[in-house]
Protein chains: 2
Amino acid sequence: MSIHPNITALTALLAEKSRATILAALMDGKFHTASELAYMATIKPQTASFHLAKLVENNLVISEKNGRFRYFRIANDKVANTLEIFMSISPPPEVRSLKQSSQLKRLENARTCYDHLAGRLSVKLTNIMEEEGYIEKSNKRFIITTKGEHFFKELGIDVIALSKKRRSFCHACLDWSERTHHLGGALGNGLFERYLELGWIESRENSREITITTVGKSGFRDFFGLEHDLLDKTK
Amino acid sequence: MSIHPNITALTALLAEKSRATILAALMDGKFHTASELAYMATIKPQTASFHLAKLVENNLVISEKNGRFRYFRIANDKVANTLEIFMSISPPPEVRSLKQSSQLKRLENARTCYDHLAGRLSVKLTNIMEEEGYIEKSNKRFIITTKGEHFFKELGIDVIALSKKRRSFCHACLDWSERTHHLGGALGNGLFERYLELGWIESRENSREITITTVGKSGFRDFFGLEHDLLDKTK
DNA sequence: TATATCATACGATACTTATCGAAGTATGGA
DNA sequence: TCCATACTTCGATAAGTATCGTATGATATA
């Protein structure tokens, strides 16, 4: 007898090309309409609807109705995290073009994980925050120090408002390209939104790719002491 | 377009009950015959053969012929590690009996991960070795210190012989019940074999479960300073 | 009110694949 | 040499399911 025979329940959902494509598309953390997802997976809307119903039924995806549109999104950060794991485990696609290769590199450098930053940039920033004593790792989460409270306030983040949100506040999220932790949860999301607001990073349409702007380079250097050269070098 | 659409290749193999059962059975790191696996998955030998061929074809499993028997085993520690992840992600089975519940607890306490120790015991030992300065974590692996070389020699482990094996020597293996790292690779395997040899632990037939003997309790206390009480308490 | 758009429901179809019986191959022992 | 055992190959079958055409319901716009 096996120990965890339930593997099939989850994997069966991912073992289908169309569903996998839909989920991968949703991994940018944004809402998408059914037609949009159908187009991305190159299937008819009925088929997408069929798959989305299954994903909703199994609590991987939630939907929100708005007028005649229905918007779909990954259900929660736990699901997003699990999908990140699956993606990192699965063999990377054969690199056919130079374009694809550099796209992969950029993804490893900085990408979204559901609703916060992931990749090399995210891990670096998290490490710096830990070294500087803004946050401390405790068990499987981070806690904010008083020094950290000042830092986040200066950055323009309302820590108190964030902590009131009904979700894990300061979650240590496993980063799968870097094989270590980065900051997730409400604070991770708050930081991500703030970077966008400040124009430090830019999120591209229909992609999880994140680009660091010139303003961002200065910002991350001034606030975090992050030398941007570090990011370009692999390991 | 998705980034890693190859998820399907792996998940499709795991999405099938019989194959999942076979793989789970093989996760004890030992060789098993085709008939044995067929029996465990409650399918006919032909069907098992069919599945095993697929698993071999996709490099998840390797086979070795010995007389009229054919022995199957997980291909390598990377595959084993990946399967560990899948198992930890998938929802645990509903606990129906007291027996099953205590079995689960014992598995979380100490089990095999392919060919080395995993679970609470393994993580504790790894932490101690790191704190005592026998090993140091560097990037995604461990390195042995000179102090550590003495320690392992005293334990009766030939570090030099192990380092000559053509496999990752001192791999930091992610532990999925504990959500942190434990020691894998050739050294992890060497330690595991040595514990068995010393009679500190016992491996049960057809199970990944590991039990710590009375001799083992003293051994782990004397050599590692591990108080066995620590293991019984959850977190 | 009429019409176009978005999404879902239903039914038919075609494709995939897990399963097993029957037959075939390889090996070891009597 | 003969037979039992272990495993694989082949072919047939049955079950599951992804897909799409058609139709229906809901909503926005004109």
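Everything numeric in this text was worked out from a predicted model, so none of it was measured. Labels below follow one simple rule: chain letters A, B, ... track the order of the sequence lines, proteins then strands, and each chain is numbered from 1.
Residues that satisfy the salt bridge (Lys or Arg N to Asp or Glu O under 4.0 Å) test with Arg204(A), not counting sequence neighbours, are Glu209(A). Scanning for salt bridge (Lys or Arg N to Asp or Glu O under 4.0 Å) contacts around Arg111(A) gives Glu84(A), Asp175(A), with sequence neighbours left out. By the side-chain hydrogen bond (donor to acceptor under 3.5 Å, both in side chains) test, Asn81(B) pairs with no residue at all, sequence neighbours left out.
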At under 4.0 Å between heavy atoms, which parts of nucleotides 17-30 of chain D does protein reach? Answer with one letter per nucleotide, 5' to 3': B base, S sugar-phosphate only, - none. -SBBBB---SBS--
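Backbone-only engagement by Phe72(B) is indicated by non-hydrogen atom pairs under 4.0 Å involving sugar-phosphate atoms exclusively.
To the nearest 0.5 Å, atom OG of residue Ser203(B) and atom OH of residue Tyr195(B) are 15.5 Å apart.
Phe86(B) has its ring centre less than 6.0 Å from the ring centre of Phe86(A).
In this structure, the OH atom of Tyr39(A) is 17 Å from the P atom of dT5(C), given to the nearest Å.
Counting only residues at least two apart or in different chains, ring pair (Phe, Tyr, Trp, His ring centres under 6.0 Å) contacts with residues 98-123 of chain B comprise His116(B)-His182(B).
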Base-pair string, DNA chain D, Watson-Crick plus G-U, cut-off 3.5 Å on both distances, | for inter-strand, is ||||||||||||||||||||||||||||||
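Arg70(B) has no side-chain polar atom (N or O) that falls below the 4.0 Å cut-off from OP1 or OP2 of dA6(D).
Glu197(B) and Arg194(B) are joined by a salt bridge, as a carboxylate oxygen and a charged side-chain nitrogen come within less than 4.0 angstrom of each other.
Side-chain contact between Glu64(B) and Arg73(B): absent, with no pair of heavy atoms (C-beta onward) separated by less than 4.5 Å.
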